[in-house]
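Right, one structure below, let's go through it.
Computed from a predicted model, the values in this text were never measured in an experiment. We count residues from 1, following the sequence as given.
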Amino acid sequence: MKRNWIKYSFIKENTSSYLVCLPYAGASASEFVKWRPYISGEFGLLPVQLPGREDTFGQDYPLDISANVKEIASSIVNHLDKPFLLYGH
């Protein structure tokens with residue numbers, strides 16, 4: 001089953017690049033919702049929802065970090081038609 005790792009995305013019409021956000025340990029993608037008022041319209045916000053957080057609680061998830069990275073990368077690649085920045089803890 002292919003998982004959608006992007007949750008609470010915020011993309012405006014004039015978006016010229018994306019900010020992909022990875023939450024800190026134990027946090028979820030909703031942490032980045034409060035960033036919306038501070039994000040310039042030039043940036044699209046793409047928060048990553050990790051397994052076991054909020055609506056993904058109870059879902060199976062890869063136990064090895066490289067498997068997680070591969071799944072996240074394959075999920076966000078469709079959003080990366082523009083330059084992007086990666087922010088994470």
For the residue pair R36 and Y8, what are the closest heavy atoms and their distance? NH2-O, 3.1 Å

CD-CZ distance between Q49 and F32, expressed to the nearest 0.5 angstrom: 10.5 Å

What distance separates L46 CG from Y87 OH, expressed to the nearest 0.5 Å? 15.5 Å

Rounded to the nearest 0.5 Å, how far apart are CD1 of I76 and CZ of F84? 6.0 Å

Please say whether more than 12 non-hydrogen atoms of neighbouring residues, nucleotides or ligands are located less than 6.0 Å from NZ in K70. no

Quick one: CD1 on I39 to CZ on F10, what's the gap to the nearest 0.5 Å? 8.0 Å

Over all atoms of both residues, closest heavy-atom pair of P23 and C21: CD-O, 3.9 Å

Is the backbone of S16 close enough, under 3.5 Å, to the side chain of E42 for a donor and an acceptor to pair up by distance? no

In Å and rounded to the nearest 0.5 Å, what is the OG to CG distance from S9 to L19? 12.5 Å

Tell me whether L80 shares a hydrophobic cluster with V48, the cluster being built from Ile, Leu, Val, Met, Phe, Trp, Tyr side chains joined at under 4.5 Å. yes

Show your reasoning for whether side chain to side chain contact (heavy atoms under 4.5 Å, CB included) applies to I72 and V20. CA-CA 11 Å; I72 292 168; V20 179; 5.8 Å; no

Looking at every heavy atom in both V33 and P37, which two are closest together, and how far apart are they? O-CD, 4.3 Å

To the closest 0.5 Å, what do you measure between CZ (F43) and NZ (K82)? 13.0 Å

Kindly give the heavy-atom pair with the smallest separation between I11 and Y18, and that separation in Å. CD1-CE2, 3.8 Å

